[in-house]
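Reading through the structure tokens given below for one structure.
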Protein chains: 2
Amino acid sequence: MARSDFDLIDFLPYLLNQAAEKSSLGFQAYYKGTYGFLRTEWRVLFHLGRYGEMTAVEIGARAMIHKTKISRAVARLTERRFLTRREDMADRRREVLSLTPLGRKAFEDLCEKAAVYDRDCVAGLSEEEQRVLRAALRHLANIPRD
Amino acid sequence: MARSDFDLIDFLPYLLNQAAEKSSLGFQAYYKGTYGFLRTEWRVLFHLGRYGEMTAVEIGARAMIHKTKISRAVARLTERRFLTRREDMADRRREVLSLTPLGRKAFEDLCEKAAVYDRDCVAGLSEEEQRVLRAALRHLANIPRD
DNA sequence: TGGTAATTGTTGCTTTTGTAACTAACAAGC
DNA sequence: GCTTGTTAGTTACAAAAGCAACAATTACCA
């Protein structure tokens, strides 16, 4: 296979990782500095805020995070009063998680900050480029349109 | 600021991370399974193969990896004979790294596999979408066109 | 019903990463 | 020549992530 023309600099997983890491830095600084959240903690909060009550496994499935990471993130967030667990009486293995008022406040703040931050990220791209970019990323990540 | 219309599902750092993680999995399985490389090790190999001899710091600057990670990756790769270190006599702090024949062979194999893998990644996207995607990612990652 | 398998969530242990301190070498200014 | 500051790379310790085993339920099905 004559592939000597392929340049690793354009290797998609590489480009994606570089862009992901770079674009995460600024926002990470905010939620870490303001709330002391780890990345997984922010993600758990984000999913509960965005989709409503869920169990740990459900969050993990959506966010592609291993359940042990979620377990520990939930433990910390619960301890810090950002969310509560409620036992599902119909299936006592499940613990349904939801945000406390404090958690919702943090979520809403972070959501606003995210909107602004997102704008800065795509500042140099045209509307059309942004559209194509997000669509391609959703496709690559297999994220359904809800 | 009326931003209630912003949906976190489109938050760029999130989309990028999801896409990056998902798209990395398959290739990671290959270099891990075949060579036992960690991600940083593959990256070091990749940069030395793509750009030629470099020092650890230079690799770190290009790849945005902290020097301690590089230090450990280099130690392992050297031990396993994939690369060699040469002291720069003009500046004895610097250690110039380069691939051994074994390292080059691994690099070339991985490079070929990457080309194929890359194709699979973008299989569902049009030529134009691919072009826009890569350009946008390079922009976000601040990767120069070389 | 009873027994095997699957699911939810946690914990212990190992591996990997992050942070800070450190050595060694060079650079710049006086 | 000194002194101070900077740079390359390593190492030690702490934090986080990955992995495997576990208890507690529930599901399946002969």
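So you know, we letter chains A, B, ... as the sequences are listed, proteins then strands, and number each from 1.
B:T68 comes within 4.0 angstrom of a base, heavy atoms only. Using a 4.0 Å heavy-atom criterion, one finds that B:K67 contacts the bases of the nucleic acid, with or without backbone contacts as well. Across all strands shown, A:L38 has heavy atoms under 4.0 Å from sugar-phosphate atoms exclusively, and none from any base. Heavy atoms of B:R85 sit under 4.0 angstrom from primed sugar atoms or phosphate atoms, though from no base atom.
Using a 4.0 Å cut-off between charged side-chain N and carboxylate O, A:D88 and A:R93 make no salt bridge. The pair A:R86-A:E53 meets the salt-bridge criterion, since a charged nitrogen lies less than 4.0 angstrom from a carboxylate oxygen. A salt bridge between B:R131 and B:E128 is present, with a side-chain N of the basic residue lying under 4.0 Å from a carboxylate O of the acidic one. Contact check on A:E58 versus A:R94 returns a salt bridge, with a Lys/Arg side-chain nitrogen under 4.0 Å from an Asp/Glu carboxylate oxygen.
For the contact set between residues 90-98 of chain B and DNA chain C, defined by any heavy atom under 4.0 Å, the members are B:D91, B:R92, B:R93.
In the set C:dT10, D:dC19, D:dA8, the nucleotide with an atom closest to the side chain of B:V57 is D:dA8.
In the model, A:D109 has a side-chain atom that pairs as donor or acceptor with a side-chain atom of A:Y30 under 3.5 Å.
Looking at A:R72, its side chain comes within 3.5 Å of the base of D:dG18 through a donor and an acceptor atom.
Between A:I70 atom CD1 and C:dT7 atom P there is a gap of 17 Å when expressed in whole angstrom units. Remark: C1' of D:dA12 and NE2 of B:H66 are 14 Å apart, rounded to the nearest angstrom. Counting to the nearest Å, the C1' atom of C:dA25 and the CD atom of B:E87 are 10 Å from each other.
Taking side-chain N and O atoms only, A:S71 has no distance below 4.0 Å to OP1 or OP2 of C:dG9.
To the nearest 0.5 Å, atoms CD (B:E95) and OG1 (B:T84) are separated by 10.5 Å.
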